[in-house]
Amino acid sequence: MPTSRRGGGVTKRCECRGPTGQLLGSSCPQLAKKNHGALLVRQELPLDGDGKRRPFRRTGYGKLTDAQKDLDRIRAILDLAGEDEDAQMRVGDFLQGLMTSRAPIPETAEVSRRLGVGVPLDGRMTVEQWLEVWMASKKTRATTNRSYRSHIKAHLIPRIGHLRLDRLSVGHLGEMFDAIADESEVIAAENAARHEQIARCRWSKPGRPPAAARGKLAEERARLAEMKPFRKTNGAATRQSIRRTLRTALNAAIARQLITFNAAAHVELETARRPKGLLWTAPRVAEWRRTGQKPSPVMVWTPVQLGAFLDAAEEDRLYAFFHLIAHHGLRRGEGVGQSWSDVHFQAKEIRVAKEIVTDGWTPIETDPKTDESASTVRIDSGTVAVLQAHHLRQMAERDARLKADLPWTDTGKVFTKEDGTWLHPETVSDAFRRIVAAADLPPINLRDLRHGAAALVKEGGGDLHDAKVKLRHSTIVLTSNTYMELFEEAEQELTERAAAVVPRARRAAAPAEPPAAR
């Protein structure tokens, strides 16, 4: 019989009793017989939270080798904790749970893996627990992590966080995404109802409303106050983004051998269609002025409209910023993060090496997101002149502040606040919106100003490949998905202008009437 060590071992026990009824235990004379009694594994575990002993006991083994195998596994699992008191407690709790449930003693490697990543040792980790462990180890960009955290907090934990990680199925995720879509439809309907209620609260006629009308408006405003505020809907693109977050997290769980199946990779979702870039043609502008609705989330100014904006922005201290983005397609963060050391006037190029983005509201400097983004952009002579004039203005601001004994911080950035410190990215967006409103132009976002650079490529005789290079896209597929319709519209306008160049002596024939419907 193996000798016991570390407060445990393999022994035999039986139910034989002496003349007085007490159990004979190890003094039973029959224990020497091969088939008498049952094998018992006993091992002292780390003390519990109250400092009390808690031995592990298990009986019912048919062979000594089986009992010894379990004892060796238990001791190897105990050795995993080393001198770490917290790990010792967790291992003790784990083994005590196995004794109570009579579950098999697992391989040491499996317990070591679970112990090493800080997950429950009993294999009953929930989705919420894994997402917390996963996020704690993430080393991706701050903006990416913020997106992950948003998806986890708003959607994944409330809907599937309670489920066991190893039992998460495609069915669970199908139900979750259906629920998100249903909720989004409700939010959209509530938003529409709020828009309608806001319209009822306005007095559309000239002058002050009469007393009776004021009472009616007060009632409508009271109803408006009881309605839910505007909320963001979660369309197909958002649901795809949520799935990407979960799929990435589950792939990490597979890499750590916690699960073997990624349910997020197999759930079917509606395809998210990338918004198409459309030109603000005269009919679209007229319809927008009539209804207030944009034809597409991505709208692009014509060269005439862009020129009107730049004329309106020319006296603003951020004019050079808008000129650079409009002509050469830098992203907002890339423009704010651009350094003078990466601007080369003689070579007519700038190198995009850093960007300033926001983590919540805090601006942070990071590398561009992709290798394609971190590249050199060729600029035209006009942009060189604009940047040189901007540099002179910036130096004049610096000299004036130093002369007045005011602080100046030399950050080396092309676009800064008056004291030389970083611009907050939202500052340029606010300035952009202010100038657009004052110029009475059809609305676009600051990001759409970057999209407009693709339209200028077409106007200059370029094709989709040239637009891909200008905007530093990773693939031409991305460029085509966004700008193909824009290029086709520009092609049609170019075709009409080319046809109009040819002089004719006779008047053009009127368009034929369409045949009557039969």
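For the single chain, residues carry numbers from 1 onward in sequence order.
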If the threshold is 4.0 Å, N to carboxylate O, is there a salt bridge linking [X] and [Y]?
{"X": "Glu190", "Y": "Lys228", "value": "yes"}
{"X": "Asp440", "Y": "Arg289", "value": "yes"}
{"X": "Arg164", "Y": "Asp166", "value": "yes"}
{"X": "Asp316", "Y": "Arg434", "value": "yes"}
{"X": "Glu355", "Y": "Arg331", "value": "no"}
{"X": "Glu128", "Y": "Lys153", "value": "no"}

Partners meeting side chain to side chain contact (heavy atoms under 4.5 Å, CB included) with [X] (sequence neighbours left out):
{"X": "Ala264", "value": "Leu173, Arg243, Leu246, Arg247, Leu250, Asn262"}
{"X": "Asn445", "value": "Lys294, Asp448"}
{"X": "Leu406", "value": "Arg401, Ala404"}
{"X": "Lys348", "value": "Ile379, Ser381, Val384"}

Quick one: pull up [atom1] in [X] and [atom2] in [Y] and give me the separation to the nearest 0.5 Å.
{"X": "Arg194", "Y": "Ile187", "atom1": "CZ", "atom2": "CD1", "answer": "14.0 Å"}
{"X": "Ile152", "Y": "Ser147", "atom1": "CD1", "atom2": "OG", "answer": "9.5 Å"}
{"X": "Thr416", "Y": "Leu423", "atom1": "OG1", "atom2": "CG", "answer": "6.0 Å"}
{"X": "Leu306", "Y": "Ile444", "atom1": "CG", "atom2": "CD1", "answer": "7.5 Å"}
{"X": "Ile160", "Y": "Met176", "atom1": "CD1", "atom2": "CE", "answer": "4.5 Å"}

Check: [Y] main-chain N/O paired with [X] side-chain donor or acceptor under 3.5 Å:
{"X": "Trp301", "Y": "Pro442", "result": "yes"}
{"X": "Glu270", "Y": "Arg239", "result": "no"}
{"X": "Glu334", "Y": "Ile356", "result": "no"}
{"X": "Thr411", "Y": "Gly420", "result": "yes"}
{"X": "Glu132", "Y": "Gln129", "result": "no"}
{"X": "Thr291", "Y": "Gln293", "result": "yes"}
{"X": "Ser296", "Y": "Val298", "result": "yes"}
{"X": "Gln394", "Y": "Lys413", "result": "yes"}
{"X": "Trp130", "Y": "Ala252", "result": "no"}

Residues which pass ring pair (Phe, Tyr, Trp, His ring centres under 6.0 Å) with Tyr319, listed by chain and number, not counting sequence neighbours =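 Scan of Tyr319 (ring pair (Phe, Tyr, Trp, His ring centres under 6.0 Å), adjacent residues dropped) gives His323.
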
inquiry  = Test of understanding: with ring pair (Phe, Tyr, Trp, His ring centres under 6.0 Å), list the residues that count as partners of His328, not counting sequence neighbours.
reply    =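 With sequence neighbours excluded, His328 shows a ring pair (Phe, Tyr, Trp, His ring centres under 6.0 Å) to no residue whatsoever.
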
Going by the ring-ring contact (aromatic ring centres under 6.0 Å, His included) test, which pairs reach into [range], not counting sequence neighbours?
{"range": "residues 246-268", "result": "Phe261-His266"}
{"range": "residues 148-204", "result": "Trp134-Tyr148, His195-Phe230"}
{"range": "residues 339-360", "result": "Trp340-His391"}

message = Could you work out, with salt bridge (charged side-chain N to carboxylate O under 4.0 Å, His left out) as the rule, every residue matching Glu397, not counting sequence neighbours?
response =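 Glu397: salt bridge (charged side-chain N to carboxylate O under 4.0 Å, His left out) contacts with Arg317.
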
message = Using salt bridge (charged side-chain N to carboxylate O under 4.0 Å, His left out), reason through Glu418 and Arg398 one step at a time and then give a plain yes or no.
response = CA-CA 8 Å; Glu418 288 83 348; Arg398 180 200 64 181; over 6 Å; no

Partners passing side-chain hydrogen bond (donor to acceptor under 3.5 Å, both in side chains) against Glu219 (at least two apart in sequence or in another chain) =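 side-chain hydrogen bond (donor to acceptor under 3.5 Å, both in side chains) list for Glu219, sorted by chain: empty.
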
message = My understanding is that only residues two or more places apart in sequence, or in another chain, count here; which of them pass side-chain hydrogen bond (donor to acceptor under 3.5 Å, both in side chains) with Glu287?
response =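 Expected list: Arg290.
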
Please name the pair of heavy atoms, one in [X] and one in [Y], separated by the smallest distance, quoted to 0.1 Å.
{"X": "Met299", "Y": "Leu279", "result": "CE-O, 3.7 Å"}
{"X": "Val414", "Y": "Ser339", "result": "CG2-C, 3.7 Å"}
{"X": "Leu217", "Y": "Pro209", "result": "CD1-CG, 4.1 Å"}
{"X": "Lys354", "Y": "Asp367", "result": "NZ-OD1, 2.7 Å"}
{"X": "Ala312", "Y": "Ala439", "result": "CB-CB, 4.0 Å"}
{"X": "Gly335", "Y": "Phe415", "result": "O-CD1, 3.3 Å"}

inquiry  = Side chains of Asp380 and Thr383: any donor to acceptor distance under 3.5 Å?
reply    =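 The answer is yes; a qualifying pair exists.
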
ask   = Just checking, any donor-acceptor pair under 3.5 angstrom between side chains of Arg332 and Ser429?
value =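 The answer is yes; a qualifying pair exists.
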
inquiry  = Heavy-atom count check: over 12 atoms from other residues, nucleotides or ligands less than 6.0 Å from Arg231 CZ?
reply    =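 Yes.
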
query = Is the gap between the ring centers of Phe309 and Phe432 under 6.0 Å?
reply =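 Phe309 vs Phe432: aromatic centres under 6.0 Å.
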
